[in-house]
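Only one structure is covered here, and it is reproduced in the block below.
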Amino acid sequence: MNISVHEACHSLEAPGALLRRRGGSPDGLVAYVRALLGDQMPADLEAFYREGVEAVGDFRAILPKWNERPEWRREGMLRALLPVQAVPIFSDGAGSLYGLDLSSGAAGPAVYFFDHEDLFERPRWAAGSSLGRFLLLLGQQDQSLEDGRTPGWEREIDPDIDKCPRAPPMWRAG
């Protein structure tokens with residue numbers, strides 16, 4: 001069973017792991033990104049923008065800068081992963097990106113880690129089988145390090161993470 005972006009955000013908000021941006025309607029942002037993507041916006045990406053996520057733990061969300069005045073619009077990092085059919089959704093804080101897959105067609109898009117050292121040429125490893133599950137995993141990153149969890153702990157939250165088609169999970173990526 002999949003978890004929706006809304007459910008994941010609600011789950012992360014209760015313990016204070018999720019920070020939301022203040023103000024503004026997401027309608028213009030959604031229409032703007034939809035136009036940039038050629039009207040092929042995954043439902044999970046739209047839900048993510050509508051939730052107003054600014055950060056999960058120490059990880060900052062990547063949102064295009066949008067304003068009703070066209071001269072104030074900036075795509076920012078949005079185009080960074082388009083050549084590899086993904087949309088950046090989070091930064092790792094060190095130059096690499098987490099991106100939502102755009103190549104999955106009708107299937108629910110997975111989230112992948114794109115390393116800046118690879119110049120974002122390909123996904124390095126699968127970070128979540130869906131955006132909802134990825135958000136829950138992201139919310140557990142710091143705790144997993146503190147707990148010294150063994151590689152593959154992610155399967156407890158995302159049992160389908162090793163089925164992502166474009167890259168293996170981190171513990172198998174080498």
Side-chain angles (χ1 to χ4, degrees), residues 2-10 12-13 18-139 158 160-161 164-167:
N2 202 5
I3 184 163
S4 72
V5 170
H6 175 75
E7 292 168 323
C9 289
H10 180 72
L12 291 166
E13 197 168 33
L18 181 121
L19 177 66
R20 294 182 190 267
R21 65 183 184 276
R22 296 178 190 219
S25 169
D27 293 337
L29 174 65
V30 167
Y32 177 55
V33 173
R34 186 180 303 279
L36 285 172
L37 298 178
D39 208 28
Q40 296 179 353
M41 180 181 233
D44 279 356
L45 184 60
E46 181 174 343
F48 177 70
Y49 290 151
R50 291 194 181 284
E51 286 293 330
V53 175
E54 186 171 317
V56 173
D58 292 333
F59 297 91
R60 306 299 291 182
I62 296 173
L63 302 169
K65 304 296 182 204
W66 184 87
N67 190 295
E68 290 183 16
R69 297 181 63 177
E71 65 271 15
W72 290 356
R73 296 178 188 176
R74 293 190 314 260
E75 295 163 21
M77 294 294 297
L78 185 66
R79 290 193 184 267
L81 298 179
L82 287 181
V84 289
Q85 298 184 329
V87 173
I89 53 174
F90 279 90
S91 167
D92 74 343
S96 296
L97 303 170
Y98 292 96
L100 185 69
D101 185 27
L102 295 176
S103 70
S104 59
V111 176
Y112 295 96
F113 180 79
F114 293 84
D115 197 322
H116 71 279
E117 292 182 11
D118 294 338
L119 302 175
F120 308 123
E121 290 180 351
R122 62 178 175 82
R124 174 68 68 94
W125 44 268
S129 64
S130 70
L131 184 49
R133 291 200 185 274
F134 165 75
L135 291 169
L136 294 178
L137 289 170
L138 198 62
D158 189 351
D160 295 325
I161 194 168
C164 296
R166 293 183 66 189

Within 6.0 Å of NE2 in H116, more than 12 heavy atoms from elsewhere: yes
Using 0.5 Å steps for rounding, measure from the CG atom of D160 to the CG atom of N2. 8.0 Å
Looking at every heavy atom in both A61 and V53, which two are closest together, and how far apart are they? CB-O, 3.4 Å
Could you tell me the separation between the CZ atom of R21 and the CG atom of L29, rounded to the nearest 0.5 Å? 6.0 Å
Taking only Lys NZ, Arg NE, NH1 and NH2, and the carboxylate oxygens of Asp or Glu, determine whether R124 and E117 approach each other closer than 4.0 Å. no
My understanding is that only residues two or more places apart in sequence, or in another chain, count here; which of them pass ring-ring contact (aromatic ring centres under 6.0 Å, His included) with F113? Y98, W125
State, with a plain yes or no, whether a side-chain heavy atom of L131 is found less than 4.5 Å away from one of P109. no
Would you find a donor on one side and an acceptor on the other, under 3.5 Å apart, between the side chain of D158 and the backbone of S129? yes
Kindly indicate whether the side chain of R60, heavy atoms from C-beta on, has any atom under 4.5 Å from the side chain of L19. yes
Which heavy-atom pair separates L137 from A127 by the least distance, and what is that distance? CD1-O, 3.3 Å
Euclidean distance, E54 CD relative to L18 CG, rounded to 0.5 Å: 9.5 Å
Euclidean distance, Y32 OH relative to L37 CG, rounded to 0.5 Å: 10.5 Å
Side-chain heavy atoms of E46 within contact of R34, under 4.5 Å: yes
Name every donor-acceptor pair, under 3.5 Å, that has one atom in a side chain of residues 82-89 and the other anywhere in the protein, sequence neighbours excluded.
none

Contacts of type side-chain contact (heavy atoms from CB on, under 4.5 Å), residue A167, not counting sequence neighbours: Y112, P123
Flag the pair V33 / M41 as yes when at least one side-chain heavy-atom distance between them is below 4.5 Å, and no otherwise. yes
Once you round to the nearest 0.5 Å, how far does CZ of R122 lie from CG of L81? 13.5 Å
Shortest non-hydrogen contact between S130 and V111, atoms and distance: O-CG2, 4.2 Å
Side-chain contact, heavy-atom cut-off 4.5 Å: V30 with R50? yes
Inter-residue atom distance F59.CZ - F134.CZ, 0.5 Å rounding: 7.5 Å
Report yes if the side chains of F48 and D44 come closer than 4.5 Å at any heavy-atom pair, otherwise no. no
Could you report the tightest heavy-atom contact between G128 and I161, atom names first, then the distance? N-CD1, 3.9 Å
